[in-house]
Amino acid sequence: MSAWFTPRNVVVAVLLAFLALVPVYSALTGNAFLMTLFTRIVILAMAATSLNLILGYGGMVSFGHAVYLGIGGYAIGILAHEGIGSGFVQWPIAIGASALFALGVGALSLRTRGLYFIMITLAFAQLVYYFGVGLDRYGADDGLQLYRRSQFADPINLSNRTQFYYGCFVLLVASIYLTWRIVNSRFGLVIQGARSNDRRMQAIGFPTYRYRLICFVIAGTMCGLAGVLLANHTEFVSPAMMHWTRSGDLIVMVVLGGMASTFGPLIGAVTLLVLEEVLPVLIKLVATPIVGSAATRAAEYWQIVMGPLFLLVVLFARGGINGLLVSLRRD
Amino acid sequence: MTEALLQIEGLTKRFGGVTASDGVDLAVQPGELHAVIGPNGAGKTTLIGQLTGEIAPDAGRVGFAGEDITTLAVHARSQRGLARSFQITSLFSDFTALDNVALAVQAHSGHSFHFWHDARSEAALRQPARETLARVGLAGREQILVSSMSHGEHRQLEIAMVLATRPRMLLLDEPMAGLGPEESVRMIALLRALKSELTILLVEHDMDAVFALADRISVMVYGRVIASGAPAEIRANAEVRKAYLGEQDGQ
Ligand SMILES: Nc1ncnc2c1ncn2[C@@H]1O[C@H](COP(=O)(O)OP(=O)(O)OP(=O)(O)O)[C@@H](O)[C@H]1O
Ligand SMILES: [Mg+2]
């Protein structure tokens with residue numbers, strides 16, 4: 001019993017309870033913004049969870065992971081634009097396209113290591129980004145409006161914001177659970193072994209390439225699903241969804257929260273995205289008495305605060321926030 | 001004469017100007033402990049690398065159990081029963097000792113496309129791993145992280161990793177490297193026990209160990225096998241004494 005009562009687990013439990021109650025709070029106070037913000041957080045936490053599978057557990061530093069947000073999202077956007085609104089058609093196609101793309105990118109990039117791997121994943125993501133920019137029929141640079149969210153059979157109605165939020169939340173928890181099962185399975189140990197010492201893995205008889213490739217595909221597929229949700233959430237897709245800075249954000253979430261930890265990506269996503277909202281307000285609050293109206297401009301530079309914060313975590317907490325919370329226990 | 005388990009013919013590997021393997025011919029009979037000795041840089045590790053498939057030879061052929069394995073992938077050779085240990089310890093340092101060995105067991109218990117069941121609770125993987133750890137003298141150290149084990153323990157674990165793959169033949173690259181006198185004695189005892197079960201190619205600088213264990217010895221110098229024979233023949237060989245054993249005596 002007391003083995004479960006650790007600072008990390010308490011934080012995770014409180015976080016999950018809070019996320020489960022966001023719609024209730026939002027309904028009671030009429031705060032729609034909070035609901036919108038946390039729907040986005042939940043979806044991006046799912047994307048970060050998928051990245052953690054390859055980055056944290058597999059040691060595959062993909063710098064193009066947001067491309068799957070784009071592929072999943074654009075599949076929905078394009079199909080809707082062409083008059084196919086059924087989620088039963090849209091979702092499998094979106095998820096299948098993400099899986100297929102991951103298979104192609106993985107098959108090529110996993111033959112390389114280190115910096116080359118980072119560069120190849122980035123290059124493929126940029127390729128798709130510019131492809132999106134060139135899609136004149138689908139809004140090119142400006143993106144594409146979804147006139148309607150994916151249509152499912154009756155009790156399911158994604159246009160109901162509460163229902164949609166809980167749908168995303170359940171899928172997030174399912175992704176975290178699935179990832180946890182995977183990384184502790186035979187497959188997961190192979191993936192982690194290959195991160196730790198690929199040479200030894202092959203020497204003891206593992207064809208590691210095919211395992212890493214399947215892992216890469218699982219992560220891409222999961223992120224593609226997050227893209228499907230994101231498109232339905234914003235009712236809009238644009239190349240910006242898969243811009244390399246978005247891939248960078250996902251990496252920051254994973255590293256900040258704690259690589260190769262079950263809840264690290266969730267913690268990281270919440271921390272980063274909440275700070276993104278809170279820091280500008282804080283800066284404005286603190287700066288207004290000092291510099292007056294210039295504080296509004298100062299608030300635009302909230303990243304100047306975020307950057308060093310991230311650096312501190314990377315330098316002094318190797319396991320990210322999750323690692324910090326776990327180490328609180330040892331005293 | 002029985003057919004050799006491992007048959008090496010004309011194996012050649014060049015690294016720029018260095019010829020690390022220069023037409024190496026070598027045959028290891030089933031059940032034999034064949035030692036390969038030679039000065040630093042003679043090409044012993046490079047030879048093992050070519051036998052396991054990590055290094056592609058420029059020319060020559062490797063046969064194992066009647067099959068030509070010259071171009072076989074590293075993992076496929078392990079699956080055929082050819083297992084190597086590393087001169088420079090190569091383990092999963094962020095895993096426990098038991099996890100390390102259990103992975104080696106797992107590598108030889110079917111494919112690993114199992115995504116759901118907790119592998120650390122599978123007795124079929126853990127039990128053989130425990131037994132292998134006990135065999136190399138690491139009983140009671142199962143849950144220790146490899147990164148916090150001593151060098152001597154790392155060398156024991158190297159052997160456990162090899163044994164856990166249930167091989168037909170071992171390729172051991174300096175298993176005694178860096179061991180203290182007591183640890184060496186224990187390692188020799190372990191190798192002697194293994195020798196009765198497995199065919200072994202042993203690369204080693206420790207001459208006491210080599211002459212205590214080997215059925216046959218091959219001497220490598222500058223990538224060539226300059227002599228091959230029973231320990232007594234090697235000890236008496238003038239060329240070997242000059243090229244290798246002599247300078248050892250002079251140390
Ligand atoms: N990857 C490589 N690239 C270039 N040269 C190499 C490479 N690997 C080995 N060599 C060279 O090949 C020669 C043989 O090296 P090898 O490691 O096989 O010797 P060794 O007999 O195992 O030596 P030691 O007893 O010191 O372990 C050496 O001259 C070494 O410098
Ligand atoms: Mg060597």
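Order of the sequence lines sets the chain letters (A, B, ...), proteins ahead of strands, with each chain counted from 1.
Of the inter-residue distances, the one linking B:Gln79 atom CD with A:Phe206 atom CZ reads 8.5 Å to the nearest 0.5 angstrom. Here OG1 of B:Thr165 is found 8.0 Å from CD1 of A:Ile204. Values are rounded to the nearest 0.5 Å.
Across B:Ala83, B:Ser90, B:Ala102, the residue that shares the most heavy-atom pairs under 4.5 angstrom with chain A is B:Ser90. By number of non-hydrogen pairs under 4.5 angstrom with chain A, the leading residue of B:Glu158, B:Arg77, B:Arg80 is B:Glu158. Ranked by heavy-atom pairs under 4.5 Å with chain B, the list A:Ile218, A:Leu178, A:Asn197 is led by A:Asn197.
Contact of B:His114 with chain A is made through backbone and side chain together, with heavy-atom distances under 4.5 Å. With a 4.5 angstrom heavy-atom cutoff, B:Phe95 touches chain A only via side-chain atoms. Looking at A:Tyr209, there are no atoms closer than 4.5 Å to chain B (heavy atoms on both sides), in backbone or side chain. When heavy atoms are compared at a cutoff of 4.5 Å, B:Thr89 does not approach chain A at all. Heavy atoms closer than 4.5 Å to chain A are found nowhere in B:Ala73, neither backbone nor side chain. Of the atoms belonging to B:Leu125, it is side-chain heavy atoms, and not backbone ones, that fall under 4.5 Å from chain A.
Here the side chains of A:Arg210 and B:His75 are in contact, with some heavy-atom distance below 4.5 Å. A:Arg200 has its side chain out of reach of B:Leu103: every pair of non-hydrogen atoms, C-beta onward, lies at least 4.5 Å apart.
Counting heavy atoms of neighbouring residues, nucleotides and ligands inside a 6.0 Å radius, atom CZ of B:Phe15 exceeds 12 of them. Annotation for B:Leu145: atom CG counts as buried by contact number, over 12 foreign heavy atoms lying within 6.0 Å. The environment of CZ in B:Arg61 is crowded: more than 12 heavy-atom neighbours from other residues, nucleotides or ligands sit within 6.0 Å. For A:Phe316, the CZ atom sits in a loose shell: 12 or fewer heavy atoms of surrounding residues, nucleotides or ligands are nearer than 6.0 Å. Within 6.0 Å of atom CZ in B:Arg166, 12 or fewer heavy atoms from other residues, nucleotides or ligands are found, so the atom counts as exposed in its surroundings. Other residues, nucleotides and ligands place more than 12 heavy atoms under 6.0 Å from the CZ atom of A:Arg181.
Formation of a donor-acceptor pair under 3.5 Å by the B:Ser78 side chain with backbone atoms of A:Gly205 is found in this model.
Taking all atoms of both residues into account, the shortest heavy-atom contact from B:Ser112 to A:Tyr211 is N-OH, 2.8 Å.
Of all residues in residues 186-193 of chain A, those placing a non-hydrogen atom less than 4.5 angstrom from a non-hydrogen atom of chain B are A:Arg186, A:Phe187, A:Leu189, A:Val190, A:Gln192, A:Gly193.
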